[in-house]
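Some notes on the structure that comes next.
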Protein chains: 2
Amino acid sequence: MGSGQARGRGGGRPTLEEVAARAGVGRGTVSRVINGSPRVSEHTRAAVEEAVAELGYVPNTAARALAANRTDSIAVVVPEPESRFFAEPYFSDIIHGVGTALADTDMQLVLTFAGGDRERRSLAQYLSAHRVDGVLLVSVHADDPLPDLLQQLAIPAVISGRRSADEPLASVDSDNFAGARAAVDHLLGRGRRAIATITGRLDVYGAQRRLDGYREALAEAGHSVDEALIARGDFTEDGGRRAMTELLARRPDLDAVFAGSDVMAAGARQVLREAGRRIPADVALVGFDDSAIARHMDPPLTSVRQPIAEMGRTMTDVLLAEIADTRPATARHLTRQQIVLPTELVCRESS
Amino acid sequence: MGSGQARGRGGGRPTLEEVAARAGVGRGTVSRVINGSPRVSEHTRAAVEEAVAELGYVPNTAARALAANRTDSIAVVVPEPESRFFAEPYFSDIIHGVGTALADTDMQLVLTFAGGDRERRSLAQYLSAHRVDGVLLVSVHADDPLPDLLQQLAIPAVISGRRSADEPLASVDSDNFAGARAAVDHLLGRGRRAIATITGRLDVYGAQRRLDGYREALAEAGHSVDEALIARGDFTEDGGRRAMTELLARRPDLDAVFAGSDVMAAGARQVLREAGRRIPADVALVGFDDSAIARHMDPPLTSVRQPIAEMGRTMTDVLLAEIADTRPATARHLTRQQIVLPTELVCRESS
DNA sequence: ATCACACATGGGAGCGCTCCCACCCTACCC
DNA sequence: GGGTAGGGTGGGAGCGCTCCCATGTGTGAT
């Protein structure tokens, strides 16, 4: 009935068959032209393309998906309640990058949310039903079962920010280690000696790497690392405040702080202000992310920029390559790419 | 071959037919159970549900879409290069809201980009092919042809921020007029008298409404509106800077500025600083959006909060209702909803 | 001229589902 | 007891495409 209606009103959308009739060829031939197969003569191709243009033919995706067993779409899995993701600037930038990479293809982007338990379950179902050709995982925790599920289902997937040093999935990450080192080197270069750090949640691999970079920079400069200068935050502003308060209590003589995120730096800044420390005169402050907050903070915050949009783009490219790879899954995992993109220190007045 | 493989490895995903066989019923009955039809006996339903659970059956969307002529997905159209959208906090929040509303359904969210000319064309194709059941349009310009295309194709659509006073599409907007009035009333209440405003691009209806609210608030308080106190920005930081520079040149005696967005307020703040004006002592500043920038600015910026996530949620609800509405399109447009959500002034130190 | 082979092409089969019609069976009524 | 609803059910038809096999049709080698 529904389809009958559709056909009734003004002829509806043309089908492959109608294009074939119009071009005076068979269904198979039109299909070949549509899909860019080389096994079509130049002459026939032209005729078909003309018919397509005249009829304004657009392939029916559902039919194609059903027959070809692919969907021409990829999913981005959004860990909803983890506000780190919906916060500046991660989400927008990643999506922006993904969109850019997808613009050259006819793949569609499906946004799925893996927030609560219910969503996770329905997401698992969704993926099990192979409703997408590949998956982009963003901001995954070390103990998330989703990556394993994907591997088990043999669904191509790329993760942003690997979960550990030996990530089994393909991954794209920014160089957290080098970024942190650059930040601390910068502070050392400015003559700071008692450099504290506020870490993110250490079950996030990137946060751990930033801490590693902090340690490495100090060690390389011949300084020993005072554990009292390390406070653990949780990527939130409030966590930054708490950590900063701790640090001031433990080492009132500190003269610099490297925060694992701009948001935590913002929290730290407040506490420093309230404690009467001037930035950067008394205490230099460096953040991570180079978000809008950094630019608009007072004083503008020196921060480590991550190429987030580029990460999105790169992830997508890697995923598309994995999807196109027709080798059996067993061979594929040998060449899984682990890409690390460079970070960049953006110097502003806070240091 | 592809499907043959899929069946080969471990039995593949079960089909309706297999569930039917397992439950000892016909295909039609299983379909009825899956789709929640009431015309199934309690006993049969239980048997089918058991078979579904045992087999881990998940319906094949492509097949369903093909047979039923619907897709169970909606699109959000992202006007990519307009950075106003990808900027704080619009994009994330809208998407967040949409995701929330969609969580209770089995609808999927497809993100499409209408950036360049090429994307617009392929988007038009995509929509013409009825690859989604409905469309959410965000941040549309007055002269965008997309809404008309959608109307012509009779695809349910909801627009955020209507394009004009008589928007033919269903729309959800925040109360820009009242928000602006509240901001200006607040400034008047603080004794400010020379209140300037920096507008957004006036081809965006919301920006126009904010300006209208500014005018109305002054008029209602018995003040005449000095056109020299109105400068046009473009929603960018740089535009805010330029507009502020203009304003200071024209009316050096101004004692308050209402900016049509936080980002423009940030630009204005810089110029004010450089001109040696203290905020709020010399000049009070109010923004619009209540973004992260507002909270972290120095001093923290008074701003008009829009319920953006709620707008996303509401838009989705309206869209789902339109999709569910089976009346002919001619009857439908009579009841198109035009929803306006309240804004709220968030007072901080800048005013 | 004959065979072989490659390339171009047509169309059958089938993907997994929904829709709908026909059927059956069980009340219930006259 | 026969007739009549009507709910419950099975299964044919078909959605528009891809895949692949069978069938031309032309070229070069023998």
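Here is the naming used below: chain letters follow the sequence lines, and residue numbers restart at 1 for every chain.
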Any residue of residues 22-32 of chain B with a heavy atom less than 4.0 Å from an atom of DNA chain D =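 Listed by number, they are B:Gly24, B:Val25, B:Gly26, B:Arg27, B:Gly28, B:Thr29, B:Arg32.
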For [X], which residues count as a salt bridge (Lys or Arg N to Asp or Glu O under 4.0 Å) partner, sequence neighbours excluded?
X	result
B:Arg163	B:Glu167
A:Asp173	none
A:Asp72	A:Arg70
B:Glu310	none

Under 4.0 angstrom between B:Ser41 side-chain N/O and D:dT9 OP1 or OP2 =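 Yes.
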Answer yes or no: does a side-chain N or O of A:Asn60 lie under 4.0 Å from OP1 or OP2 of D:dC15?
->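 For A:Asn60, the contact criterion (side-chain N or O under 4.0 Å from OP1 or OP2 of D:dC15) is not met.
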[N] [atom2] sits how many Å from [X] [atom1], rounded?
X	N	atom1	atom2	value
A:Arg13	D:dG16	CZ	C1'	11 Å
B:Arg70	C:dC17	CZ	P	13 Å
B:Leu16	C:dG14	CG	P	19 Å
B:Leu66	D:dG16	CG	C1'	6 Å
B:His130	D:dG16	NE2	P	13 Å
A:Arg39	C:dT9	CZ	C1'	12 Å
B:His43	D:dG7	NE2	C1'	17 Å
B:Asn69	C:dG16	CG	P	20 Å

What pairs of residues pass the salt bridge (Lys or Arg N to Asp or Glu O under 4.0 Å) test when at least one of them lies in residues 24-38 of chain B, not counting sequence neighbours?
->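 Residue pairs passing salt bridge (Lys or Arg N to Asp or Glu O under 4.0 Å), neighbours aside: none found.
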Any pair with a residue in residues 132-142 of chain B that passes salt bridge (Lys or Arg N to Asp or Glu O under 4.0 Å), sequence neighbours left out, goes on the list, sorted by first then second residue, please.
->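 Of all non-adjacent pairs touching residues 132-142 of chain B, none passes salt bridge (Lys or Arg N to Asp or Glu O under 4.0 Å).
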Using rotation axes that map the C1' atoms of four end pairs onto the next four (five pairs an end), what angle separates the end axes of the helix from C:dA1-D:dT30 to C:dC30-D:dG1, to 10°?
->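 It comes to 50° between the two terminal axes.
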Can you tell if the side chain of B:Thr112 reaches within under 4.5 Å of the side chain of A:Gln108, non-hydrogen atoms only?
->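 A side-chain contact exists here, since the closest heavy-atom pair is under 4.5 Å.
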Which donor-acceptor pairs under 3.5 Å do the side chains of residues 121-129 of chain A make with protein atoms, sequence neighbours left out?
residue  : atom : partner  : partner atom : Å
A:Ser122 : OG   : A:Glu119 : O            : 3.3
A:Ser128 : OG   : A:Ala124 : O            : 2.6

With B:Ser171, which residues qualify under side-chain hydrogen bond (donor to acceptor under 3.5 Å, both in side chains), at least two apart?
->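 B:Gln338.
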Taking 4.0 angstrom as the limit, do A:Arg120 and A:Asp144 come out as a salt bridge?
->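 Yes, charged N to carboxylate O under 4.0 Å.
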Name every residue in residues 44-56 of chain A that has at least one heavy atom under 4.0 Å from any atom of DNA chain C, in order of residue number, or write none if there are no such residues.
->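 Of all residues in residues 44-56 of chain A, the ones placing a heavy atom under 4.0 Å from DNA chain C are A:Thr44.
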What pairs of residues pass the side-chain hydrogen bond (donor to acceptor under 3.5 Å, both in side chains) test when at least one of them lies in residues 42-51 of chain A, not counting sequence neighbours?
->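 For residues 42-51 of chain A, and leaving out neighbouring residues, the side-chain hydrogen bond (donor to acceptor under 3.5 Å, both in side chains) pairs sorted by first residue read A:Ser41-A:Thr44.
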